[in-house]
Novice: 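Okay, handing you the structure first.
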Amino acid sequence: MPATTVNPREIRLKLGMNQQEFWGRIGVTQSGGSRYESGRAMPKPVQELLRVVHVERIDLAQIGKDDVAVLRYLKQHRPELYTLLLEAASAEPASNDAARPAAH
């Protein structure tokens, strides 16, 4: 996600968040986030966190090491099952995500 193609300020405004809450969710101070919004280059890890949390809308608090291990296993050893599960998950309405308890 190059800084030239994604405008963090636009994303933040679309989400209706102030700088403190938007940047705080990815561990960046409000003043640091303000500098990124003003054009300062964002480090790659910050870009990825911004993408995962604010574009993909993934709640990092809901993901554990075990979840990542299961995904890695499925992708490497059972790609057909991974694809099937991915298709099934994509077919579900997004509104069910908030009501579904996290599996850990």
Side-chain angles (χ1 to χ4, degrees):
M1 175 173 72
T4 57
T5 60
V6 172
N7 183 330
R9 184 172 190 271
E10 282 181 23
I11 295 169
R12 180 178 62 78
L13 292 175
K14 280 184 186 179
L15 294 173
M17 300 171 85
N18 66 40
Q19 286 184 336
Q20 187 171 1
E21 62 186 337
F22 180 85
W23 292 104
R25 287 192 184 173
I26 60 172
V28 174
T29 64
Q30 180 276 324
S31 60
S34 178
R35 287 191 292 273
Y36 296 142
E37 289 185 21
S38 297
R40 185 176 194 179
M42 244 187 293
K44 182 72 172 164
V46 174
Q47 292 176 28
E48 286 302 308
L49 282 170
L50 189 146
R51 180 187 63 79
V52 168
V53 172
H54 294 304
V55 176
E56 300 292 335
R57 307 297 304 255
I58 295 173
D59 182 356
L60 295 178
Q62 298 296 315
I63 300 172
K65 188 167 50 171
D66 292 341
D67 299 314
V68 175
V70 168
L71 288 172
R72 187 177 296 123
Y73 175 83
L74 286 171
K75 281 182 159 184
Q76 291 176 358
H77 301 286
R78 299 288 307 276
E80 72 291 343
L81 181 55
Y82 175 80
T83 301
L84 180 67
L85 293 169
L86 185 61
E87 290 170 358
S90 297
E92 285 201 20
S95 62
N96 287 344
D97 289 344
R100 186 179 311 123
H104 286 281

Novice: Got a second to check how far His54's NE2 is from Arg57's CZ, nearest 0.5 Å?
Specialist: 8.5 Å

Novice: When hydrophobic residues are tied together by side-chain contacts of less than 4.5 Å, even through go-betweens, does Met17 share a cluster with Leu13?
Specialist: no

Novice: If hydrophobic clusters are built by linking Ile, Leu, Val, Met, Phe, Trp and Tyr wherever their side-chain heavy atoms come under 4.5 Å apart, do Val53 and Val68 end up in the same one?
Specialist: yes

Novice: Kindly give the heavy-atom pair with the smallest separation between Tyr36 and Pro43, and that separation in Å.
Specialist: OH-CD, 3.3 Å

Novice: Please round to the nearest 0.5 Å and tell me the distance separating atom CD1 of Ile58 and atom CD1 of Ile63.
Specialist: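 So the CD1 of Ile58 and the CD1 of Ile63 are separated by 5.0 Å.
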
Novice: Measuring from Ile11:CD1 to Leu15:CG, what's the distance to the nearest 0.5 Å?
Specialist: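 It is 7.5 Å, given to the nearest 0.5 Å.
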
Novice: Taking the side chain as C-beta and beyond, is there a heavy-atom pair between Val28 and Arg35 under 4.5 Å?
Specialist: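 The answer is no; the side chains never approach within 4.5 Å.
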
Novice: Under 4.5 Å between side-chain heavy atoms, counting indirect links through other Ile/Leu/Val/Met/Phe/Trp/Tyr residues: same cluster for Leu86 and Val70 or not?
Specialist: yes

Novice: Only pairs under 3.5 Å count here: list side-chain donor-acceptor contacts from residues 19-26, not counting sequence neighbours, and write none if there are none.
Specialist:
unit_1 : atom_1 : unit_2 : atom_2 : d
Gln19  : OE1    : Gln30  : NE2    : 2.4
Gln19  : NE2    : Glu37  : OE1    : 3.1
Glu21  : OE2    : Asn18  : N      : 2.9
Trp23  : NE1    : Glu37  : OE2    : 2.9

Novice: Distance from Glu80 atom CD to Leu74 atom CG, nearest 0.5 Å?
Specialist: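 Glu80 atom CD to Leu74 atom CG measures 9.0 Å (nearest 0.5 Å).
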
Novice: Would you give the length of the straight line joining atom CZ of Arg12 to atom CG of Asn7, rounded to the nearest 0.5 angstrom?
Specialist: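 Here the interatomic distance stands at 9.5 Å.
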
Novice: Taking Glu48 first and then Lys44, would you say they form a salt bridge - that is, a charged N and a carboxylate O separated by under 4.0 Å?
Specialist: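 Yes, Glu48 and Lys44 are salt-bridged.
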
